[in-house]
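Since the structure comes first, as structure tokens, the remarks are kept for the end.
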Amino acid sequence: MTQEELFKKLIAHSKEYGFIFPSSEIYDGLSAVYDYGQLGCELKNNIKKYWWDSMIKLHGNIVGIDAAIFMHPKTWEASGHLGAFNDPLIDNKDSKKRYRADVLIEEWIEKQKDKIKKEVDKAVKRFGDSFDEAQFVATNARVVELQTKIKETEDEMARTLGGNDLVGVKALIEKLEIVCPISGTRNWTDVRQFNLMFETKVGAAADGANTIYLRPETAQGIFVNFLNVQKSARMKIPFGIAQIGKAFRNEIVARQFIFRMREFEQMEMQFFVAPGTEMQWYEHWKAFRMRWHQALGFGAQNYRFHDHIKLAHYANAATDIEFDFPFGFKEVEGIHSRTNYDLSRHAEFSGKKITYFDTDKNESYVPYVVETSIGVDRMVLQVLSAAYKEELLENGETRTVLSIPAPLAPVKVAVLPLIKKDGLPELAQTIINSLKFDHNVQFDEKDSIGKRYRRQDAIGTPLCVTVDHQSLEDGTVTIRHRDTMAQERVAIDQLPALVNCIVSLNSLFAKLV
RNA sequence: GCGGAAGUAGCUCAGUUGGUAGAGCAUUAGCCUUCCAAGCUAAUGGUCGCGGGUUCGAGUCUCGUCUUCCGCUCCA
């Protein structure tokens with residue numbers, strides 16, 4: 001089976017068993033948007049808990065927040081997200097060249113102004129010799145006509161661009177008969193805005209509603225709260241602020257299942273450090289984050305660092321942790337040394353002082369930031385791709401099994417009466433009652449026992465507890481392990497401790513400290 | 001954005017020169033009782049992606065459109 005076939009099967013499996021559905025599927029779906037089903041949601045929650053607790057519980061100097069998705073629009077001016085990405089673009093279909101629509105119109109206006117200048121120059125030159133009233137009137141009329149056209153165009157440009165009326169912008173370009181400087185044709189595409197931020201309006205339209213944005217990253221919610229958290233929690237540098245939340249990017253090309261979605265979830269931690277110490281913390285978090293991934297046991301060979309050579313404007317070091325997905329090594333997480341860029345910019349744009357007084361150094365400074373930022377959805381995909389297997393059994397049959405690490409598995413235990421009479425279902429229910437406060441437990445009495453095992457394998461349940469007639473006599477059950485299919489007989493009253501030992505996140509945390 | 005392919009039941013698919021939409025699995029209800037899936041009986045489930053057109057009649061022919069997948073391009 002090729003990697004491509006495996007990926008297709010994984011997508012089908014995810015849908016069939018209730019992990020991930022295409023969004024709004026009854027309306028033919030919405031491109032690059034997906035919903036998490038009953039099992040996907042559990043898996044995702046478990047991943048988030050693994051991450052959150054590994055940050056908050058294991059580190060005395062990291063606290064978590066949950067900032068709003070809506071933020072003051074100035075946030076995005078300060079962060080640099082508004083600006084270069086905000087231009088209306090238009091392509092010429094013949095030359096295949098892309099232009100800024102507003103620049104094309106402005107160039108046209110400049111040309112008209114040149115025409116006026118030429119007319120006037122010509123008139124001045126001519127009337128210096130002999131004044132002709134008829135020619136003067138004609139020249140004047142041409143100039144006034146051009147000026148009127150310029151004024152109309154400027155008004156129309158301001159109206160369409162200001163109101164984000166892209167159809168209007170294109171209509172204007174067509175009306176002005178602007179041609180491509182290279183191909184010389186007027187074969188234009190529609191005007192498109194390649195802004196990665198989604199816009200919406202706050203307030204009633206009649207009152208002059210303001211444009212606000214769905215955040216394209218969660219980080220800014222932490223930066224703008226830096227002083228709130230530092231002061232209210234009495235945090236001393238170095239310290240971190242963690243957050244899990246949705247972010248939104250209007251990607252032009254969004255593909256590969258849940259790898260690149262327009263709405264996605266990030267887990268990120270901004271670690272604030274003294275200037276000059278950022279590189280050592282950068283190395284520290286690189287190592288810690290890699291340990292976090294590898295603790296899941298998918299194999300070290302499936303991970304690698306990809307150090308950035310070309311850095312973003314705010315960073316002085318950056319690396320990605322890449323995982324070997326069915327479609328190749330791709331970024332799951334980024335670790336960036338963001339310098340003091342963000343806090344400085346917010347200080348500048350807000351006019352507030354954002355500094356930290358370091359009592360050890362006895363000086364005040366703008367902290368440097370080391371960021372770890374991981375995509376929850378990519379993490380879900382990592383777990384599913386690593387876990388999905390089709391095994392050939394000794395009897396020649398194949399079984400589909402999701403070897404999800406037990407602490408992340410959506411369902412921890414299935415309790416199965418061997419047959420559905422003689423009081424076996426009732427005993428199974430008693431066992432479920434002893435486990436359900438702590439774990440997600442399923443009951444299943446339909447079909448043969450082998451079939452029920454396979455059903456649980458397909459959704460990644462690590463443990464099956466089977467109740468048989470012997471259970472009624474001596475109070476023992478068999479416990480069957482997903483990956484090895486091995487069975488052992490244990491006392492019912494030992495089950496809670498045994499299950500807890502296998503499915504607890506603690507086994508993962510132990511590898512991190 | 002360009003090119004290619006696909007879309008029929010929850011899933012995998014069949015559907016003849018255009019003539020009343022099928023199978024297996026799944027699901028549900030019984031029966032049976034067996035520690036590694038497909039025992040018996042019955043039931044449920046489809047405006048054939050959507051919208052026009054041709055035709056007495058369209059899953060089938062035709063045009064458009066949407067969605068998904070693959071490749072290229074673009075973006076980071």
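Atoms considered below: every heavy atom in the structure, side chains included; atoms not considered: hydrogens, waters and symmetry mates. Every chain is numbered from 1 and lettered A, B, ... according to where its sequence line falls, protein lines coming before strand lines.
Rounded to an integer number of Å, the gap from A:His13 NE2 to B:U12 P is 13 Å. A:Ile11 places its CD1 atom 15 Å from the C1' atom of B:C11, with the value rounded to the nearest Å. Taking atom OH on A:Tyr17 and atom P on B:U27, their separation rounds to 9 Å, with Å as the unit. The interatomic distance linking A:Glu331 (CD) with B:A76 (P) rounds to 15 Å, in whole Å. In this structure, CD1 of A:Ile479 is placed 18 Å from P of B:C36, rounded to the nearest angstrom. When the C1' atom of B:U28 is taken as reference, atom NZ of A:Lys446 falls 7 Å away, rounded to whole Å. Taking atom CE of residue A:Met197 and atom P of nucleotide B:A76, one finds them 15 Å apart after rounding to whole Å. Rounding to whole angstrom units, CD of residue A:Glu445 and C1' of B:U34 are separated by 15 Å.
For the C1' atoms, the distance from B:U16 to B:A21 is 14 Å, rounded to whole Å. Separating the C1' atom of B:U44 from that of B:A26 is a span of 12 Å, rounded to the nearest Å. Here, B:A6 and B:U62 have their P atoms 13 Å apart, quoted to the whole Å. B:C32 and B:G39: their C1' atoms are spaced 8 Å apart (whole Å). B:U8 and B:U67 have their C1' atoms separated by 16 Å, with the value rounded to a whole Å. Taking atom P in both B:C48 and B:C11, one finds a spacing of 16 Å when rounded to whole Å. The P atoms of B:A43 and B:C36 are separated by 33 Å, rounded to the nearest whole Å. For the P atoms, the distance from B:G7 to B:C61 is 12 Å, rounded to whole Å.
Heavy atoms of A:Ile419 sit under 4.0 angstrom from at least one base atom.
A:Glu333 and A:His293 share a donor-acceptor pair across their side chains, judged by distance under 3.5 Å alone. Counting only N and O atoms by type, the side chains of A:Gln442 and A:Gln456 include a donor and acceptor under 3.5 Å apart. Side-chain contact annotation: A:Glu42 with A:Asn46, donor-acceptor N/O pair under 3.5 Å absent.
Checking the phosphate oxygens (OP1, OP2) of B:C11, a side-chain nitrogen or oxygen of A:Lys15 falls inside 4.0 Å. For A:Arg455 and B:U27, the shortest distance from a side-chain N or O to OP1 or OP2 is below 4.0 Å. The side chain of A:Lys420 contributes no N or O atom lying less than 4.0 Å from OP1 or OP2 of B:C32. An OP1 or OP2 oxygen of B:U33 is reached within less than 4.0 angstrom by a side-chain nitrogen or oxygen of A:Lys421.
Put simply, the side chain of A:Glu16 and the base of B:C11 share no donor and acceptor less than 3.5 Å apart. Under 3.5 Å, the side chain of A:Asp468 and the base of B:C35 form at least one donor-acceptor pair of N or O atoms. With hydrogens and angles left out, the side chain of A:Arg399 and the base of B:C36 share no donor-acceptor pair within 3.5 Å.
Between A:Arg480 and A:Lys8, the residue anchored closer to the 5' end of RNA chain B is A:Arg480, taking for each the nucleotide with the nearest heavy atom. Positionally, the nearest nucleotide of RNA chain B for A:Leu418 lies more toward the 5' end than for the other of A:Leu418 and A:Phe7.
Just one of A:Phe329, A:Phe323, A:Phe325 meets the ring-ring contact (aromatic ring centres under 6.0 Å, His included) condition when paired with A:Tyr303; it is A:Phe323.
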Verdict with supporting geometry, A:Gln220 and A:His81, side chain to side chain donor-acceptor pair (under 3.5 Å): CA-CA 11 Å; A:Gln220 301 304 327; A:His81 286 88; 5.0 Å; no
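Applying the 6.0 Å contact sphere to CZ of A:Phe327 captures more than 12 heavy atoms from other residues, nucleotides or ligands.
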Encoded 5' to 3' (Watson-Crick or G-U under 3.5 Å; [ ] crossing; | other strand), RNA chain B becomes (((((((..((((.....[..)))).(((((.......))))).....(((((..]....))))))))))))....
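For A:Phe257 and A:Tyr34, the distance between ring centers is under 6.0 angstrom. For A:Tyr368 and A:Phe272, the gap between ring centers reaches or exceeds 6.0 Å.
Ranking B:C35, B:A26, B:U34 by closeness to the A:Lys451 side chain, first place goes to B:A26. Counting only heavy atoms from C-beta on, A:Tyr453 has its side chain closest to B:C36 among B:C69, B:C36, B:A29. In the set B:U27, B:C69, B:C36, B:U27 carries the atom at the smallest distance from any side-chain atom of A:Asp447. Comparing atom distances between the A:Tyr34 side chain and each of B:C69, B:C35, B:A38 picks out B:C69 as nearest.
Legend: residues meeting salt bridge (charged side-chain N to carboxylate O under 4.0 Å, His left out) with A:Arg291, ordered by chain and number and at least two apart, are absent.
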